[in-house]
Structure formats: structure tokens, C-alpha cells
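Everything quoted here is computed from the prediction, not taken from an experiment. We name chains A, B, ... by the order of the sequence lines, and we start the count at 1 in each one.
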Amino acid sequence: MSLELRYFAWLRERIGLPGETIETGAATVADLVEELRAREDRYALAFSDMGAVRVAIDQELAGLDAPIAGAREVAFFPPMTGG
Amino acid sequence: MAVRIQREDFDLGEELHLIRAGRRDLGALVSFTGLVRDRHGAAAITGLEIEHYPAMTRRALEAIEREAAARWPLQAVLILHRYGPLAPGDQIMMVATASAHRAAAFEAAEFLMDFLKSRAPFWKKETTPEGARWVDARASDEAALARWHAPARS
């Protein structure tokens with residue numbers, strides 16, 4: 001399926017893109033991260049410590065084990081620092 | 001109830017005036033304003049860039065606002081957060097809460113701040129004389145959520 005990816009803050013800088021459209025068969029966020037890590041070093045580096053990465057599926061916070069079937073947009077970013 | 005996300009600065013006095021204008025039912029109006037400091041620990045800060053996730057930010061802030069309104073009898077809420085490049089001394093954001101009595105207004109303002117810190121998709125990048133760096137989330141910010149008995153991040 002086709003999926004929009006969004007990257008923010010240092011994830012955006014490490015990957016070198018604000019976002020991209022990909023084709024994936026991943027069932028969960030964790031599967032998707034594995035696919036991305038295998039692509040290129042910059043992805044492997046960005047996703048080397050998943051404890052420092054937060055995920056949103058269609059703009060709602062989600063866990064690594066969350067299914068992505070039917071999702072339109074998955075975003076990856078560091079812990080938020082608002083306020 | 002209002003949420004605003006903007007690049008421009010805001011006038012705190014004007015925002016508070018607008019909340020109470022024409023109303024006679026408010027007994028307490030509390031506000032908090034976040035400012036850019038010129039130091040972070042030992043480092044001098046010369047600038048602060050705020051990035052956000054436009055498609056998610058409004059939704060997240062509105063959810064936090066709804067939760068506050070469900071917990072306290074609030075007659076008005078404003079959450080205003082800026083993004084883009086800021087300088088030391090600049091205003092970053094504000095929250096305001098109005099209620100019949102002060103306890104609800106104070107508590108709701110703290111609740112909004114605690115949630116906004118770690119659940120609204122904003123990221124800060126500081127500029128120092130040694131270069132730029134992303135501000136790390138603080139464990140104490142996450143711990144502050146626990147006192148509201150918030151559901152854990154799924």
C-alpha cells in the first residue's frame with residue numbers, strides 16, 4: 001500500500017527529508033521501521049534508538065506495535081518539547 | 001474555547017481583555033506565558049527555532065483543551081503557541097483559563113501546560129555560540145503528567 005511518511009526535528013535532519021511517499025507491505029509500525037532501516041545508513045542511524053522516537057499514525061500518537069493497515073500518514077519524531 | 005498556532009507574536013494584555021470582554025460571570029482569569037531564556041544551563045542561547053507538525057498540532061491541542069474542560073468548570077480557555085524563529089526575551093506561548101473560582105482556573109492552567117509540554121507536537125532547537133542543538137525532553141516533564149493520572153502513551 002502507499003503511505004505518506006513525515007519526519008520531524010532531528011529525524012528529519014538525519015534522514016535528510018521532511019517526508020516521502022513509499023510503497024510498503026509492513027503490518028505494524030515496527031515492521032515499517034525495519035523496512036526503512038534496511039534501506040540506507042541514514043535511516044538505520046535515525047532509527048537506531050527507538051526509545052528516542054515517537055510515532056503518530058494519521059496524526060494520533062501510537063505505539064511501535066500499532067497496525068498501519070488503512071493508515072494514510074505515519075510520522076516519526078523525537079519526544080515533544082512544547083510549552 | 002480557542003486554540004491558535006501562529007508565527008506572529010501576541011499581546012498578552014489584549015488576549016486577556018478579549019476573554020473577559022462583555023462577561024460578568026467570570027470570577028478568576030489565570031494566564032501563563034512561556035518565554036525564551038538567554039541561558040540553558042551553562043550555555044548562552046542566542047536563538048530558538050520552534051518546529052511543529054501542522055496537520056497534528058491543532059488536533060492535539062484541541063484534545064488537551066477538551067480534556068481540561070471535562071475536568072474543571074471552565075468558562076473560557078485559550079491555548080496560543082508560536083512556531084518559527086524566536087530570540088531570547090520573546091514570547092513562545094500562552095495559556096489562559098477562566099472560571100467562577102480560582103482553584104479551577106489555576107489547576108486547569110497547570111494541567112494544560114503539563115500536557116502541552118509532552119503531548120503537543122512541537123520541537124525546540126536552540127542556537128548557541130557552539131552551534132545549534134535540539135532540546136531534549138526532560139524526564140521531569142513526563143513525570144509531571146503522572147499526577148493527573150493520565151493514560152499512558154499507547
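Atom-to-atom distance recorded for B/Glu67:CD and B/Trp148:CH2 is 11.0 Å, nearest 0.5 angstrom.
Side-chain contact between B/Ile45 and B/Arg37 is absent, with no heavy-atom pair separated by less than 4.5 Å. Counting heavy atoms from C-beta outward, A/Ile15 and A/Leu36 have side chains that stay 4.5 Å or more apart.
Of the listed residues B/Asp136, B/Ile79, B/Leu116, the one with more heavy-atom pairs under 4.5 angstrom with chain A than any other is B/Leu116. Chosen from B/Ala60, B/Ala63, B/Ala120, B/Gly34, the residue pairing most often with chain A at heavy-atom distances under 4.5 Å is B/Ala120. For the set A/Pro78, A/Ala75, A/Ala52, A/Gly82, the entry with the most heavy-atom pairs within less than 4.5 Å of chain B is A/Gly82.
Of the atoms belonging to B/Lys125, it is side-chain heavy atoms, and not backbone ones, that fall under 4.5 Å from chain A. With a threshold of 4.5 angstrom between heavy atoms, A/Ala56 approaches chain B through side-chain atoms but not through N, CA, C or O.
Applying side-chain contact (heavy atoms from CB on, under 4.5 Å) to B/Gln75 and the options B/Asp25, B/Leu29, B/Thr97 leaves one that passes, B/Asp25.
A donor-acceptor contact closer than 3.5 angstrom links the side chains of A/Tyr7 and A/Glu20.
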